[in-house]
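Comments concern the structure below.
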Amino acid sequence: MVNILIGILGFFLVLGLAYLISNDKKNINYKAIAIMVGLQIIITLFMFQTTIGLKLVEWVSNGVTTVLNFGYEGIDFVLGGLVQEGQTVFFMNVLMLIIFTSALLSILTYIRVLPLAIKYIGGFLAKITGLSTVVTFNSINSIFFGQSEALLAIKSHLAKMSDNKLFIISTSAMGSVSASIMGSYMTMVPPQYVLIAMILNSLSGLIIATMIAPIKNNEKEEIDVKDVTGSKSLFEAISNGALDGGKVALIVAAMLVAYIALMALLNAMFDGIFGMDLTTILGYIFAPVAWLMGIPSNEIITAGSIMGTKLATNEFVAMLQFQPLIGDLSEKTVAIISTFLISFANFSSIGIISGSIQAINGEKAAVVAKSGLKILLAATMASILTAIMVGLFS
């Protein structure tokens, strides 16, 4: 009960901080924020506290696992025999799955299943909240596509965007993940928390960003789903998806080699100089935040360490640190941390987002780069908000 009350306090403190750093407090759309918080409560309660919701989560998780097993067929054909039975290699067992899931995502995009669903769900959200159609479309689109792809889907709107609207779409992109990586996450943390985080993050990003950078919805906006994909045929879509997935797998692998090695180096240096490694120091720095998220006091140092690692490096590095600890931590801590990790909110994402916009509009890229740290703060606050919500009802 105490942890629940602390989680509620943390929820309002996050909203309070968003209000304090808002650049236009008079024009905050409180109605939209209240509606989105209400939606988050309904979704979380449904998924974790109802028989139907629990069955649905189990069904979806099992369905994704079944589909991923087909991906292993392709991996075994290409790389079978390289690893002895009973052993696991992260690149083969986790990262190579991205190629298969990326191809599936590309197919669903080409046949317009995903773009139309995103358009109408985003349109419904815009209608009930009064927010910009482009902003809500981008928020829902960010559930399925990575930072770069989500921004490319609204490229025709970038040129006339206000700085505040640009801030909101950048926060939504950074505070989300790509569905092509979802399968890999599910092999590392409990699948149900991956699913709920992907849904809630789209709302949390809008809640925090529209408080910090309010906008007035005073223009008619049309979304063209053709902007979501450039593939001219189904087979081109499959090829493009597989190649994009391969690039992502290699990029993640390269980043993991660099970041994990650098963390090991820094841990050794800090331990030699201060008698305490960097991971432990990060744990103490982020422990107050972990406590406000509702994590039990005896686990806040461990949780803070994982949170700090994620912010400093990326979610994969943090998940590798977190995975061996899951069995020793309380269910509430596992729920909160698992959910917190499902986002792109880290320092390297600032460059990824500004670089993606640079390819479309150099002037807008300069605006994003200037606000990079504030966007990262907003995206991290969105992850905290989502994690608190899950902690309250899990």
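Please read all numbers here as calculations on a predicted model, not as lab measurements. Any value given below was found using the heavy atoms of this structure, including those in side chains, with hydrogens, waters and symmetry copies removed.
You'll find the side chain of N346 stays beyond 4.5 Å of the side chain of K310, heavy atoms only. Looking at heavy atoms from C-beta onward, I28 lies in side-chain contact with S22 at the 4.5 angstrom threshold. In this structure, I143 and I118 have side chains that are not in contact, with every pair of non-hydrogen atoms separated by 4.5 Å or more. Counting heavy atoms from C-beta on, the side chains of I342 and M319 come closer than 4.5 Å. With a 4.5 Å cut-off on side-chain heavy atoms, M198 and V177 count as touching. Counting heavy atoms from C-beta outward, T129 and T210 have side chains that stay 4.5 Å or more apart. A heavy-atom distance below 4.5 Å is found between the side chains of L39 and I128. Here the side chains of I238 and I107 are in contact, with some heavy-atom distance below 4.5 Å.
When every heavy atom of T187 is checked against every heavy atom of Q323, the shortest pair comes out as O-NE2, 3.4 Å. Heavy atoms only, all atoms of each residue included: M389 and F11 are closest at CE-CE1, 3.6 Å. The two residues I208 and A378 make their nearest non-hydrogen contact at CG2-O, 3.6 Å. Of all non-hydrogen atoms in P115 and T109, the two that sit nearest each other are CG-O, 3.6 Å. Nearest approach of V289 to M307, heavy atoms of both residues: CG1-CE, 3.6 Å. What you find for A173 and N138 is that their closest heavy atoms are N-ND2, 4.5 Å.
Linking ILVMFWY residues whenever their side-chain heavy atoms come closer than 4.5 Å, directly or via other members, places F340 and I43 in the same cluster. V390 and L54 sit in two unconnected hydrophobic clusters of ILVMFWY residues. Membership requires side-chain heavy atoms under 4.5 Å apart, directly or through other members. Under the 4.5 Å side-chain heavy-atom criterion for ILVMFWY residues, a single connected hydrophobic cluster contains both L392 and F12. F70 and L95 fall into different hydrophobic clusters, defined by Ile, Leu, Val, Met, Phe, Trp and Tyr side-chain heavy atoms under 4.5 Å apart, directly or through other members. Residues I352 and I357 fall into different hydrophobic clusters, defined by Ile, Leu, Val, Met, Phe, Trp and Tyr side chains chained together at heavy-atom separations under 4.5 Å.
For the ring pair (Phe, Tyr, Trp, His ring centres under 6.0 Å) with F316, the qualifying choice from F344, Y185, Y259 is Y185, the only one to do so. Checking N23, D24, N27 one by one against N164, the side-chain hydrogen bond (donor to acceptor under 3.5 Å, both in side chains) holds for a single residue, N23.
With rounding to the nearest 0.5 angstrom, the CG atom of L262 is 10.0 Å from the OG1 atom of T313. Going from atom CD1 of I350 over to atom CG of L373 covers 4.5 Å, rounded to the nearest 0.5 Å. Atoms CD1 and NZ, from I360 and K155 in turn, are 7.0 Å apart once rounded to the nearest 0.5 Å. Distance check: S338 OG to F322 CZ gives 4.0 Å after rounding to the nearest 0.5 Å. Atom CG of L200 is separated from atom CG of L195 by 11.0 Å, given to the nearest 0.5 angstrom. Summarising the geometry, atom CG belonging to N267 is positioned 11.5 Å from atom CD1 belonging to I260; distances are rounded to the nearest 0.5 Å.
Between the side chains of K127 and T136, no donor-acceptor pair is found at a separation under 3.5 Å. Side-chain N/O atoms of S142 and S172 include no donor and acceptor closer than 3.5 Å. Of the N and O atoms on the side chains of T279 and Q321, not one donor lies less than 3.5 Å from an acceptor on the other residue. A donor-acceptor pair shorter than 3.5 Å cannot be found between the side chains of S106 and N240.
A side-chain donor-acceptor contact under 3.5 Å links T50 to the backbone of G53. Checking side-chain atoms of K364 against main-chain N and O of M161 turns up a donor-acceptor pair under 3.5 Å. Distance alone, capped at 3.5 Å, places no donor-acceptor pair between the S139 side chain and the V135 backbone. K374 places a side-chain N or O within 3.5 Å of a backbone atom of I21 that can act as its donor or acceptor partner. Judged purely by atom type and a 3.5 angstrom limit, T44 has no side-chain atom pairing as donor or acceptor with the backbone of I41. In terms of modelled atom types and a separation under 3.5 Å, the side chain of E299 and the main chain of L329 share no donor-acceptor contact. No donor-acceptor pair under 3.5 Å is formed between the side chain of S180 and the backbone N or O of I98.
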**OP:** Give the C-alpha distance, both sets of side-chain angles, the deciding distance and a yes or no for side-chain hydrogen bond (donor to acceptor under 3.5 Å, both in side chains) between N201 and T386.
**Re:** CA-CA 6 Å; N201 279 344; T386 293; 2.8 Å; yes

Original post:
Checking side chain to side chain contact (heavy atoms under 4.5 Å, CB included) for the pair F46/L56: CA distance, chi angles, key distance, verdict?
Top reply: CA-CA 10 Å; F46 173 74; L56 180 62; 3.8 Å; yes

**OP:** Begin from the C-alpha positions of I199 and M47 and carry the test side chain to side chain contact (heavy atoms under 4.5 Å, CB included) through to its verdict.
**Re:** CA-CA 11 Å; I199 297 170; M47 291 183 71; 4.2 Å; yes

Subject >> Derivation of the side chain to side chain contact (heavy atoms under 4.5 Å, CB included) call for V317 and N314 >> reply: CA-CA 6 Å; V317 178; N314 61 45; 3.4 Å; yes

Original post:
Would V252 and V248 satisfy side chain to side chain contact (heavy atoms under 4.5 Å, CB included), going step by step from the backbone distance to the final call?
Top reply: CA-CA 6 Å; V252 172; V248 171; 4.1 Å; yes

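In this structure F270 satisfies the ring-ring contact (aromatic ring centres under 6.0 Å, His included) test together with F274, sequence neighbours excluded. Every residue was checked against the ring-ring contact (aromatic ring centres under 6.0 Å, His included) condition with F144, not counting sequence neighbours, and none meets it.
Other residues, nucleotides and ligands contribute over 12 non-hydrogen atoms within 6.0 Å of the OH atom of Y30. For I52, the CD1 atom is loosely surrounded, since the number of other residues' heavy atoms within 6.0 Å does not exceed 12. The number of heavy-atom neighbours closer than 6.0 Å to NZ of K25, taken from other residues, nucleotides and ligands shown, is above 12.
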